[in-house]
Amino acid sequence: MTTAPVADQHRLLEVQALDTRLAQLAHQRTNHPLRAQAAELQARLDDVENAHVTSRTALGDLKRELAKAEQDVEQVRSRAARDQARMDSGSASVKDVQALSSELENLVRRQEALEEVELEVMERVEAHETALAELTSARDELLAQRDRLAADLERELAAIDEQARAVQTDRAQRAEGLDAALVTLYDRLRGQLGGLAVALLRGRTCEGCRLELNPSDVARMTAAPPEQVARCEECGRILVRQADPAR
Ligand SMILES: [Zn+2]
């Protein structure tokens, strides 16, 4: 049977309130809504990053395709220029001139077709560059948002930590010199009962488990010496009797 001075029992209630407050602050810290926002933002950012990489790769492919198309046009053009130069030189035979002239006609048609391909690829490159620029600015905006959110979260967590430090200081003062056996029991019960180890007995109700105790148990507690540490029959918590039950 644990006994502890009545004042210590009441002071333990205050310590409990501060420990509960600390637990709430720790919970707020872990479950801060900005964390969920940051995770959601990061998921969006990951999507945009992926789309950005895909778009950049596709643009690279298109640019290679464009270079190839330009090269094709250039080849035909220089072949035509060579043919033209031979014709203009006057050194080709009549037969050669006929052959060259027919090849030149073919080359002109081929060049036109290739230039059409080149133009079409060029348009696709431009459209893709626009899309990539939009993705880049969307990504940059999300990155900026993420940085702002991280700074906000850091500030909010620092405020919570500051509150927690103040509560810790208060708690240390209130707990100073408390009956050692009472503190041991309190610490053990806190571990077992989800942090709430001591509660007030209000009327016949344990404020720890909110259950109404049977009248004979309450009568026994009321009759016991006030130094005797009472326990709830239902939840096992330390029950502190009100100094003046009528209050
Ligand atoms: Zn209880």
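We're numbering straight along the sequence, starting at 1. All ligand and atom numbering here is 1-based and tracks the order in the structure.
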Query raised in the report: Do we see a donor-acceptor contact under 3.5 Å between the side chains of Asp179 and Tyr186?
Result: no

Requested in this report: Enumerate the protein N/O/S atoms at a distance below 2.8 Å from the Zn ion (ligand 1), ignoring waters.
Outcome: Cys206 SG, Cys209 SG, Cys232 SG, Cys235 SG

Between side-chain atoms of residues 21-31 and protein atoms elsewhere (two or more places apart, or another chain), which donor-acceptor pairs fall under 3.5 Å?
residue: Arg21; atom: NH1; partner: Gln24; partner atom: OE1; Å: 3.4
residue: Arg21; atom: NH2; partner: Gln163; partner atom: OE1; Å: 2.8
residue: His27; atom: NE2; partner: Asn31; partner atom: ND2; Å: 3.0
residue: Arg29; atom: NE; partner: Asp161; partner atom: OD1; Å: 2.8
residue: Arg29; atom: NH2; partner: Asp161; partner atom: OD2; Å: 2.9
residue: Thr30; atom: OG1; partner: Ala26; partner atom: O; Å: 2.9
residue: Asn31; atom: ND2; partner: His27; partner atom: O; Å: 2.9

Query raised in the report: Any chance the side chains of Asp47 and Asn50 put a donor and an acceptor closer than 3.5 Å?
Result: no

Query - In one Ile/Leu/Val/Met/Phe/Trp/Tyr side-chain cluster, 4.5 Å: Val53, Val48 - result: no

Requested in this report: Would you kindly say whether Thr20 and Gln16 are connected by a side-chain donor-acceptor distance under 3.5 Å?
Outcome: yes

Query raised in the report: Would Gln111 and Glu115 count as having a side-chain donor-acceptor pair, cut-off 3.5 Å?
Result: yes

